[in-house]
2 protein chains.
Amino acid sequence: MADADNRFIARLKLMTPLGIAELLALERLLQDRREFRAGQDIVKAGDRPDQLHIMLSGWACRYKLLGGGGRQIVALLLPGDPCDLDGVLVGRQDTSVATLTSVIVAVVSRDALLSVGRAHPRLADLLLWLTTLDNALMSERIASMGRRSARERVAHLFCELFVRLSSVGLQTSNAFALPFTQEVIGDTLGLTSVHVNRVLQALRKDGLIDLREHMLTVKDWPGLKAVAGFDPNYLHLSGMRAAPTSQEG
Amino acid sequence: MADADNRFIARLKLMTPLGIAELLALERLLQDRREFRAGQDIVKAGDRPDQLHIMLSGWACRYKLLGGGGRQIVALLLPGDPCDLDGVLVGRQDTSVATLTSVIVAVVSRDALLSVGRAHPRLADLLLWLTTLDNALMSERIASMGRRSARERVAHLFCELFVRLSSVGLQTSNAFALPFTQEVIGDTLGLTSVHVNRVLQALRKDGLIDLREHMLTVKDWPGLKAVAGFDPNYLHLSGMRAAPTSQEG
DNA sequence: CGAAGTGTTGAAGGGTTTCAAGCATAGTGG
DNA sequence: CCACTATGCTTGAAACCCTTCAACACTTCG
């Protein structure tokens, strides 16, 4: 059970070099695992959580339910992402987390998390860093929803997912699986599933992507980036306080 | 001169009890101050900041500029709010910060910030907590922009500002100053200033608010909350959950 | 087989934007 | 004191993006 199969540890190592002691502490921390089927709630809004869940495989989303019955997805969660860090830190969960596929998570008690942070300051730094990264993703999402058209939003989401999947090593070719419905895309971007459908058709017709049976193929990466106005800087993939690396795709 | 005039320290004290040593360290940390006039940039996107700015008085906003020339305000900053915590922690600023009024900030070097965090774990916890709170605000903003109408968004923003101002002791009556233009409201909520204007008139006509010369009066608080679907839980004003590992005495 | 979920398409309607103009206020300089 | 300018608020009309409602095809699954 090295960290080869652990996207979370792999991701942290990308951010900052970790020593043996830190890696051992991490592996011990992540021992407990739990599996969920698709369409289940891992955490519910209003909970007072004392456990952190960390995605190891599968897809999930953090969401809010509004009074009118609408759902807004606040974040899409990939392997390596903490599900409910905010709720654990602040003591009260104000978003729910639902699985989109079958999912394996590591379950970490709040106390264990904090005491590991005390023992290994660099791991505590990473905790703060993960929260900050979440922040950056949400800032960009706000920018999308406020000032980008539906076409631009969808393109931007695909660009982001493509890069994020690549960054955790789940992406090699120009095609990847989007194992969820068009309604999920709509709930993520503040659109209806009907309009998402039309936008997807337009992007297909323009030769930018192909999306069939939950398989997304990026046929024209520069074109897609241009439509989206995508600049990957906000993903902060270059690591903690590292030099800027302009990735070209 | 102690922390009576310092909204940042006052706010932290609301969240968790602080000892004498911690308060002294905080005051020493916040000694350096700087003043900006209205309409200036405190930080610019792309900077590699080594200083944290903390709002002590006035209004500011964090924003992004999009390719098409549009501006999206990601957060409105009040006294007590850190301006650029994300950028300082992650090493690269991906939002700009602009003043909306004349502003006084405390300027804290990154190194001083981190070393104080090492010396006083509870202050480090508060840093993480502030980041998490920012996160919560942005989640709710995403929900607003994705699933609420313009009328609901404006009402929700006013509810949020009202409660936030109250929480830092800047709000006592049912009226408060909104020292910025309707375009700022639009850039915050993803609307045009023209439409914001029309929405404001409707809210006025319905007897919910009165807004004249940058002075907002809430005339029907229950009504405004109802329109907004406002639930203040996400602001986490009840304080920080006791952190077992950072209890001292 | 029937039911449920998802993708697709069409038509109509509405919320918001865009464009344009007019008005008020404050500041500036002659 | 009066143009003159700049900024922000207000209003109207037209256009547009997106939603809503509805229907149908297709697949999966009990």
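In what follows, chains are A, B, ... by sequence order, proteins preceding strands, each numbered from 1. A quick note: this is a predicted structure, and the numbers were derived from the prediction, not measured.
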SB check A:Arg71 A:Glu183 (cutoff 4.0 Å): no
Side-chain heavy-atom pair A:Leu178, A:Val184 within 4.5 angstrom cut-off: no
Segment of DNA chain C, first to last nucleotide, that comes within the 4.0 Å heavy-atom reach of chain A: C:dT6 to C:dA11
Short side-chain N/O contact from B:His214 to OP1 or OP2 of D:dC9, under 4.0 Å: yes
D:dT10 phosphate, OP1 or OP2, under 4.0 Å from B:Asn197 side-chain N/O: yes
Shortest non-hydrogen contact from A:Ser167 toward A:Leu14: O-CD1, 3.4 Å
Lys/Arg N to Asp/Glu carboxylate O, A:Arg164 vs A:Asp81, below 4.0 Å: yes
Separation of atom CZ in B:Arg147 from atom C1' in D:dT20, rounded to whole Å: 13 Å
A:Arg7 side chain reached by A:Met55 side chain, heavy atoms, under 4.5 Å: no
Nearest atoms (heavy-atom pairs only) where B:Arg151 meets B:Ala202: NH1-CB, 4.0 Å
Gap between atoms CG and P, on B:Leu200 and D:dT11 respectively (whole Å): 12 Å
B:Phe158 and B:Leu216, any side-chain heavy atoms less than 4.5 Å apart: yes
Interatomic distance, A:Met145 CE vs D:dC18 P [rounded to whole Å]: 13 Å
Contact list for DNA chain D against residues 179-196 of chain A - heavy-atom distance below 4.0 Å: A:Gly190, A:Leu191, A:Thr192, A:Val194, A:His195
Sugar-phosphate only, base, or nothing, as touched by B:Arg204 at under 4.0 Å among non-hydrogen atoms: sugar-phosphate
Integer-rounded Å distance: D:dG12 P and B:Arg198 CZ: 9 Å
Side-chain heavy atoms of B:Thr188 within contact of B:Cys61, under 4.5 Å: no
Contact check, side chains of A:Leu189 and A:Arg148, non-hydrogen atoms, under 4.5 Å: no
Whole-Å distance separating the CZ atom of A:Arg151 from the P atom of D:dC16: 17 Å
